[in-house]
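Worth saying up front: this structure is predicted, and the values here are computed from it rather than measured. By convention in this document, chain letters (A, B, ...) are assigned in the order of the sequence lines, proteins followed by strands, and residues within each chain are numbered from 1.
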Amino acid sequence: MTTPAPSGSSNFIRDLVTTDRTAGKHGGHVVTRFPPEPNGYLHIGHAKSICLNFGLADEIPGGKCHLRFDDTNPTTENPEYVQAIQEDLRWLGFDWHGNMFYASDYFEQLYGFALTLIKKGTAYVDSLTADQMREYRGTLTDPGRDSPFRTRLPDENLDLFRRMRAGEFPDGTHVLRARIDMASPNINLRDPVLYRIRHASHYRTGTTWCIYPAYDFAHPLSDALEGITHSICTLEFEDHRPLYDWIVAETDAPHRPQQIEFARLNLTSTVMSKRKLLELVERKLVAGWDDPRLPTLKGLRRRGVTPEAIRAFCDHIGVAKRDAIVEMQLLEHFIREDLNKRSPRVMAVLRPLKVVIDNYPEGAVEELDAVNNPEDVSAGTRPVPFSRTLYIEQDDFREDPPKQFYRLAPGREVRLRYGYIIKCASVTKDPQTGVITELHCTYDPETKSGSSQEQRKVKATIHWVSAPHAAPATIRLYHPLLLADQTKLPAEQDWTQSLNPQSCELLTGCVVEPSLRSATPGARFQFERQGYFCVDSDSSADTLVFNRTVSLKDAWAKIEKTQQAPQR
RNA sequence: UGGGGGAUCGUCUAGCGGUAGGACGCCGGCCUUUGGAGCCGGCUACCUAGGUUCGAUUCCUAGUCCCCCAGCCA
């Protein structure tokens with residue numbers, strides 16, 4: 001049969017690149033590029049592109065992938081993002097091997113290409129206002145009209161353009177446009193703007209320039225200058241391709257890259273647009289770019305997601321041209337799959353319920369042997385203290401247990417993980433509120449884990465933490481950023497209305513086993529029976545702070561849900 | 001009623017004229033000192049209508065629906 005690809009599965013771009021390479025196109029070389037604009041943080045949508053571009057370069061002998069900052073707009077870009085993007089890329093596990101570039105480094109060459117066009121008569125300086133230009137552009141169905149300045153001669157254009165560069169004109173007074181076709185059915189070809197005046201300081205070139213190249217001009221030429229063979233971008237640039245090709249051809253650029261488009265990643269119940277992410281951060285609707293609820297790489301990292309999980313996800317979602325919305329559950333699947341193999345298991349009680357084991361000797365402490373990772377025997381074991389007073393999860397006790405509830409209830413038995421079988425003898429309640437305050441149980445000393453004395457089976461095993469040894473913790477549970485019910489909001493309504501107000505659930509008063517006292521930020525664990533958690537950067541010696549990365553699959557929750565569903 | 005793209009299980013995705021495969025999800029079952037993991041089984045898809053062909057998801061024609069484009073953003 002077929003041998004699986006080294007990484008990722010076959011897709012139309014991979015096939016095309018392979019075909020080109022074997023056909024000897026571009027001398028058999030493959031050079032891709034990842035061209036972020038440093039005006040925001042990278043998110044998982046970028047990861048798809050990164051995995052594609054760097055993945056291609058890595059798997060093809062001699063293949064290269066450049067990192068290029070597409071920094072042609074001084075008003076939105078800044079070095080903080082340049083730094084963060086590099087960090088995220090490295091964290092994801094990719095290396096540009098020194099091939100890091102900036103479109104701003106090409107400004108002089110780009111200017112030269114513009115001069116070439118002007119001399120040839122295929123670019124001109126237009127002095128219409130932005131509003132006028134819009135009017136002249138026509139509409140989707142009506143052709144545009146020529147600007148009265150379209151007939152300016154090369155010499156005048158040259159003079160004007162040089163003076164634009166020299167700073168003689170204020171913003172918005174002139175632009176350089178390509179002279180293509182104002183009646184083109186493709187609006188991108190109706191004399192697109194190549195340069196605009198911006199008296200703004202650029203984070204790299206300072207005030208050296210006051211004219212800046214537009215994307216449609218800078219991008220193809222940057223690709224050409226770097227010898228990019230396959231310029232992979234998203235679908236919305238598809239109808240820019242004729243322009244891309246026009247620019248490269250008309251400027252007699254040294255090399256002709258090929259633009260290929262694919263569908264960007266969309267994920268359910270989250271936001272992926274740069275604009276919305278920025279808005280969330282600026283309006284402080286989230287804690288920052290690294291808020292664990294965000295699909296930013298920084299957010300995912302802080303949440304405890306591994307780069308391996310993200311890469312596995314990107315490899316499996318495929319690359320195609322149809323618009324798609326991937327279910328968040330698929331991402332979660334890859335997160336669980338990765339974390340299951342590598343996370344040490346520990347016990348933590350999120351919502352504590354006190355349990356006193358009446359027949360266990362007061363003051364006695366036993367060190368029980370707990371397995372660190374059943375998926376990895378080499379992870380070994382650790383001692384966990386056991387005593388007369390412990391905490392169990394409130395959810396693991398029901399005074400009036402429903403059908404199929406196997407856990408603790410009055411008169412019922414459960415096993416304490418790594419410990420003994422206990423039986424619930426009585427329930428203590430607050431006389432005022434009726435709330436259960438503690439449970440009294442008895443243990444069977446013959447049932448200690450690992451002892452071969454008795455092999456009694458009970459229906460359930462629950463986790464616990466010894467009260468006198470417990471370390472206090474604060475735990476954050478994350479829920480979808482967006483409300484599940486996205487029923488058509490009025491078009492003009494603020495999109496943030498669909499944010500889930502309960503996306504971050506803060507749990508205080510949690511208790512975790514003492515071995516966690518030494519856990520440092522970034523450390524990941526599986527809290528047995530609950531999920532994968534990661535020590536947050538807010539964690540301190542007195543209070544540990546954990547973020548839930550993703551819950552474990554919960555069979556009981558499903559049963560309970562169907563039990564609650566209306567009977568028919 | 002301009003141009004550019006796209007339609008395959010609920011969701012992603014494979015297929016390149018030989019009778020639809022994988023993953024997630026869902027539903028059963030086994031196993032289990034995590035109701036986790038693992039294992040076994042099942043579920044459901046070619047946008048529509050014509051045509052070509054022995055044979056069409058693949059080719060042709062005509063429709064339908066969806067996405068993108070009217071920034072001096074990228």
Donor-acceptor contacts under 3.5 Å from residues 322-330 of chain A side chains, at least two apart:
unit_1	atom_1	unit_2	atom_2	d
A:Glu327	OE1	A:Gln329	NE2	3.4

### Task
Please check if the distance between the ring centroids of A:Tyr418 and A:Phe386 is under 6.0 Å.
no
### Query
Between A:Tyr111 and A:Tyr106, does the ring centre distance come in under 6.0 Å?
no
### Separation of the C1' atoms in B:A14 and B:A7, to the nearest angstrom
16 Å
### Query
Rounding to the closest angstrom, what is the interatomic distance between B:U53 and B:G21 at atom C1'?
25 Å
### Task
Answer with yes or no whether A:Glu375 presents, from its side chain, a donor or acceptor under 3.5 Å of a partner atom in the base of B:G36.
yes
### Task
Can you check whether any acceptor in the base of B:G35 is under 3.5 Å from a donor in the side chain of A:Arg529, or vice versa?
no
### Message
Categorize A:Leu243 for me: base, sugar-phosphate, or nothing, with a 4.0 angstrom heavy-atom threshold over every strand shown.
### Response
nothing
### Task
Find which nucleotide of RNA chain B each of A:Val458 and A:Arg196 is nearest to by heavy atoms, and output the residue with the more 5' nucleotide.
A:Val458
### Residue closer to the 5' end of RNA chain B, A:Thr139 versus A:Phe237 (nearest nucleotide)
A:Thr139
Just list the side-chain donor-acceptor pairs under 3.5 Å for residues 182-189 of chain A, sequence neighbours left out, or say none.
unit_1	atom_1	unit_2	atom_2	d
A:Ser184	OG	A:Asn186	N	3.0
A:Ser184	OG	A:Asn186	O	3.2
A:Asn186	OD1	A:Asn188	N	2.9
A:Asn186	OD1	A:Asn188	ND2	3.1
A:Asn186	ND2	A:Asp239	O	2.9
A:Asn188	OD1	A:His240	NE2	3.3
A:Asn188	ND2	A:Asp239	O	3.1
A:Asn188	ND2	A:Asp239	OD1	3.4

### Base versus backbone protein contacts along nucleotides 7-17 of chain B [heavy-atom cut-off under 4.0 Å; B, S, -]
SB-BSSBS---
Residues 45-52 of chain A side chain polar contacts: donor-acceptor under 3.5 Å, at least two apart:
unit_1	atom_1	unit_2	atom_2	d
A:His46	ND1	A:His43	N	2.9
A:Lys48	NZ	A:Ala263	O	2.7
A:Ser49	OG	A:Asn53	ND2	3.3

### With A:Glu261 via side chain to side chain donor-acceptor pair (under 3.5 Å) - residues at least two apart
A:Arg241, A:Gln259
### Query
So, is B:G71 syn or anti if syn means the angle is within 90° of 0?
syn
### Query
So what's the dot-bracket for RNA chain B: Watson-Crick or G-U pairs under 3.5 Å, [ ] if a pair crosses, | if it pairs off-strand?
.((((((..((((....[..))))((((((.......))))))...(((((..]....))))))))))).....
### Query
Do the side-chain N and O atoms of A:Asp223 and A:Tyr244 include a donor-acceptor pair separated by under 3.5 angstrom?
yes
### Task
State whether A:Lys553 places a side-chain N or O below 4.0 Å from either non-bridging phosphate oxygen (OP1 or OP2) of B:A37.
yes
